[in-house]
2 protein chains.
Amino acid sequence: MAQPKLGDVAARAGVSPTTVSRVLNNRGYLSQKTRDKVFAAIRELGYRPNAIARSLQERRSHIIGLIFPTVAHPFYGEMVYRLESRLANAGYRVILCNSDEQPELEHRYLDMLFAHQVDGIITGSHSQAVAQLPQVQAPLVAIDRPETGPYPNIRSDNYAGTRQATEHLIGTGARRILHITSTLSEQNLRQRGYADALTAAGLSPDFLELGFHESSEHQRNMLYEYLDAHRGAQPVEAVFASNDTYASLALAWAQSRRVQVPEEFQVIGFDGTDTVHTLLPELASVVQPIEALAERAVRRLTEAIAAETEEDAEPADARGGEDILPVTLRLGGTVRPARG
Amino acid sequence: MAQPKLGDVAARAGVSPTTVSRVLNNRGYLSQKTRDKVFAAIRELGYRPNAIARSLQERRSHIIGLIFPTVAHPFYGEMVYRLESRLANAGYRVILCNSDEQPELEHRYLDMLFAHQVDGIITGSHSQAVAQLPQVQAPLVAIDRPETGPYPNIRSDNYAGTRQATEHLIGTGARRILHITSTLSEQNLRQRGYADALTAAGLSPDFLELGFHESSEHQRNMLYEYLDAHRGAQPVEAVFASNDTYASLALAWAQSRRVQVPEEFQVIGFDGTDTVHTLLPELASVVQPIEALAERAVRRLTEAIAAETEEDAEPADARGGEDILPVTLRLGGTVRPARG
DNA sequence: CTGAAAGCGCTAACAA
DNA sequence: TTGTTAGCGCTTTCAG
């Protein structure tokens with residue numbers, strides 16, 4: 001016999017399929033004797049319930065879809081790790097989707113997830129506005145996405161973080177402070193925090209856009225070119241990068257040009273993952289609370305799923321809205337202390 | 001009406017469910033007129049097939065389980081990213097499991113995956129010998145695991161890589177070369193390559209075991225303590241680490257002690273992920289061919305699945321055995337060139 | 001406390 | 001070229 005099924009267990013134990021199901025799910029009244037018989041049969045046959053059949057009947061898959069640009073990136077890697085661990089503890093399995101920031105891929109992944117009857121979705125891909133998604137048929141929670149419309153959005157306090165970091169740099173006496181980012185946009189809160197801090201201090205913002213899909217080599221060249229070109233009368237004194245990878249490029253530039261850090265050149269990054277912190281312990285960074293973001297996202301999602309299941313007029317205030325979690329500025333050897 | 005089902009489409013199009021199914025799967029002879037009617041009905045109703053029901057019927061889930069210690073680690077993050085992308089292209093979805101190197105967790109994940117009727121499993125967790133797994137009911141491919149028994153094992157040439165790296169260090173004139181590893185063991189091929197290279201040169205191996213579950217802080221302290229304690233007459237001249245994270249700790253030590261790299265102290269790591277290479281471009285490292293490993297693992301797995309489906313006496317030589325892929329030694333600013 | 005029968009949404013014989 | 005019937009493996013009324 002191939003995989004034994006519930007009916008085989010029933011036959012072997014001399015009871016009905018219903019009873020086996022009851023034992024399995026611990027539902028209703030069962031005599032201890034029946035229980036024992038059934039468990040014995042299960043063991044003897046090496047029976048394992050078929051989750052697919054169960055899902056079909058229950059109309060719940062206990063699966064959550066995760067859509068992120070790529071787990072090859074430390075921030076998303078740590079985030080997905082945290083999300084998966086928490087969801088597993090809550091009894092969910094996770095289907096992983098690397099969208100690569102390609103809208104079309106993201107679309108296909110969404111279709112696939114719905115086809116698989118996922119109980120919910122957590123997405124951190126930026127490739128398109130969530131609000132414009134087709135009819136979503138399961139609770140969805142976004143992590144740091146723009147324009148999430150009716151869906152909850154969990155994110156770090158990007159504005160406060162960048163503003164604080166930039167103000168620190170200004171406080172050290174730096175005047176020419178460059179912001180490196182992947183995509184320039186009015187919506188970009190990290191960019192806004194930086195710009196507002198500079199403007200408030202009477203300084204003028206400078207941006208360098210490196211792009212998400214550019215190769216690491218190309219990004220490096222762009223940055224080196226920029227920094228080299230400005231080494232004249234008004235050299236860049238500090239870089240505030242919208243992620244730690246960009247910050248590390250600036251650091252590498254300084255090292256290769258023998259520019260002293262932090263005396264002549266300061267650097268602050270963004271994200272503050274464990275991975276980067278271990279590899280580059282001196283890098284100053286705005287630290288996102290990854291664990292807290294994951295915890296909140298999972299909580300919001302499981303609550304939404306519960307609300308949907310109960311059916312009793314889902315409380316409208318549980319949906320939509322933004323959860324903004326505080327970041328911390330971690331100083332390090334790549335910045336100077338603020339002047340007294 | 002909630003989600004429309006296949007029957008609803010049939011009713012709307014004025015045909016039988018079978019016909020709708022045929023149109024959906026493009027099977028058998030269909031008149032163009034019927035096709036059009038059905039497609040129209042599908043569009044009008046916004047119908048989407050239920051993958052769960054399909055899986056139950058087909059007895060195939062089109063899902064692959066991935067078990068790795070943690071995608072928060074750059075090596076596994078990049079590996080999982082690559083595996084997922086390739087599997088998605090091949091029409092599979094991926095359930096992600098972070099085993100954290102805990103045997104019990106891994107066990108539970110395996111049970112869960114089998115319950116979900118996965119078509120196959122790729123595992124890179126080291127937490128227990130695959131050979132001792134309970135009856136595995138789907139094709140399984142291992143990536144760099146010890147003792148995989150009857151299952152294919154895909155791995156880098158750990159021995160050649162470590163041997164080559166160690167010999168390079170010896171060639172630069174280094175005599176006291178420390179090997180940092182997570183777990184000392186006779187089976188450990190990275191350790192063996194290192195030890196054999198030293199022995200062949202008449203030098204004596206030195207090991208430092210840092211453990212996998214220790215905190216990054218603790219690991220750092222252990223290493224610093226060791227290196228500080230040996231700064232007397234016979235200081236450690238070079239470190240060969242079994243992964244790049246450990247290598248970065250050694251680098252940080254040198255920097256904090258003002259020990260010149262590579263003049264007084266050399267470092268080579270292992271893995272050579274894109275992430276680490278971007279963050280620490282000067283770090284020399286034995287580079288694993290992650291893309292090739294992923295490609296091979298997916299190929300082996302899909303072949304095994306195909307073989308199982310065909311049922312025709314699976315060719316025994318397709319199962320088991322090791323695929324060993326070549327590594328490359330990437331030199332960098334943390335090592336000296338070999339002496340003429 | 002236990003069982004019989006119906007059905008979750010889809011596909012695969014077998015007819016027509 | 002299309003429809004009827006049965007069934008994938010499980011749970012759930014509803015009876016007993």
Side-chain angles (χ1 to χ4, degrees), chain A residues 1-39 41-42 45-63 112 114-119 137-138 309, chain B residues 1-39 41-42 45-63 112 114-119 137 309 311:
Chain A
M1 176 167 52
Q3 289 298 317
K5 39 180 137 182
L6 185 137
D8 300 324
V9 175
R12 172 109 189 180
V15 299
S16 75
T18 313
T19 301
V20 177
S21 172
R22 287 208 183 90
V23 172
L24 247 28
N25 299 291
N26 200 21
R27 249 194 273 290
Y29 301 103
L30 283 317
S31 75
Q32 192 55 43
K33 222 161 102 186
T34 309
R35 285 185 133 77
D36 295 342
K37 271 193 303 186
V38 171
F39 280 129
I42 287 177
L45 266 46
Y47 167 77
R48 336 182 52 151
N50 180 325
I52 300 264
R54 204 185 290 223
S55 296
L56 180 59
Q57 161 69 32
E58 280 186 55
R59 260 144 305 187
R60 277 194 68 182
S61 63
H62 300 279
I63 293 181
M112 180 274 281
F114 291 135
H116 271 277
Q117 315 296 116
V118 292
D119 291 354
Q137 25 207 326
T309 309
Chain B
M1 177 166 50
Q3 289 300 316
K5 40 180 133 180
L6 186 138
D8 300 324
V9 175
R12 172 110 190 182
V15 299
S16 75
T18 313
T19 301
V20 177
S21 172
R22 285 206 185 91
V23 172
L24 247 30
N25 299 291
N26 202 20
R27 250 194 271 290
Y29 302 103
L30 282 317
S31 76
Q32 192 54 45
K33 221 163 105 187
T34 310
R35 283 186 133 78
D36 294 343
K37 270 193 304 188
V38 171
F39 280 129
I42 288 177
L45 266 48
Y47 167 77
R48 336 182 54 151
N50 180 326
I52 299 264
R54 206 185 288 222
S55 296
L56 180 60
Q57 159 69 30
E58 280 186 56
R59 262 142 303 187
R60 276 194 69 182
S61 62
H62 300 277
I63 294 180
M112 180 274 280
F114 291 135
H116 270 276
Q117 314 297 112
V118 292
D119 291 354
Q137 24 207 327
T309 309
E311 205 75 68

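Throughout, a chain's letter reflects where its sequence line sits, starting with A, and its residues are numbered from 1. Everything numeric in this text was worked out from a predicted model, so none of it was measured.
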query: Between which nucleotides of DNA chain D, read 5' to 3', does contact with chain B run, using atoms under 4.0 Å from its heavy atoms?
result: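 So the contact region on DNA chain D extends D:dT1 to D:dG9.
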All side chain to side chain donor-acceptor pair (under 3.5 Å) counterparts of B:Arg12, not counting sequence neighbours: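 With neighbours one apart ignored, the set is B:Glu44.
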Any residue of residues 29-36 of chain A with a heavy atom less than 4.0 Å from an atom of DNA chain C: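 Contacting residues: A:Tyr29, A:Leu30, A:Ser31, A:Thr34.
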- request: Specify the residues of residues 14-26 of chain B, ordered by number, for which at least one heavy atom lies under 4.0 angstrom from an atom of DNA chain C.
  value: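 Those residues whose heavy atoms fall under 4.0 Å from DNA chain C, taken from residues 14-26 of chain B in numerical order, are B:Thr18, B:Ser21, B:Arg22, B:Asn25.
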Within the distance-only criterion (no hydrogens, no angle test), does the side chain of [X] pair as donor or acceptor with the backbone N or O of [Y] below 3.5 angstrom?
X: A:Ser61; Y: A:Ser55; result: no
X: A:Asn25; Y: A:Ser21; result: yes
X: B:Asp119; Y: B:His62; result: yes

message: Run B:Thr19 and B:Ser16 through side chain to side chain donor-acceptor pair (under 3.5 Å) and show every step you take.
response: CA-CA 5 Å; B:Thr19 301; B:Ser16 75; 3.2 Å; yes
task: Could you tell me which non-hydrogen atom of A:Val23 sits nearest to which non-hydrogen atom of A:Arg35, and how far apart they are?
output: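 Heavy atoms only, the tightest pair is CG2-CA, 4.4 Å.
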- request: Of all the heavy-atom pairs spanning B:Val38 and B:Val9, show the shortest one and how long it is.
  value: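 Shortest heavy-atom contact: O-CG1, 4.1 Å.
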query: In degrees, rounded to 10°, what is the bend between the two ends of the helix from C:dC1-D:dG16 to C:dA16-D:dT1, using five pairs at each?
result: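 The angle separating the two end axes equals 40°.
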- prompt: Could you give all pairs that pass the salt bridge (charged side-chain N to carboxylate O under 4.0 Å, His left out) test and reach residues 14-33 of chain B, with sequence neighbours left out?
  reply: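 Qualifying pairs: none.
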message: Between B:Asn50 and A:Arg59, is there a side-chain donor-acceptor contact under 3.5 Å, judged purely by atom types and distance?
response: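 Result is no, nothing qualifies.
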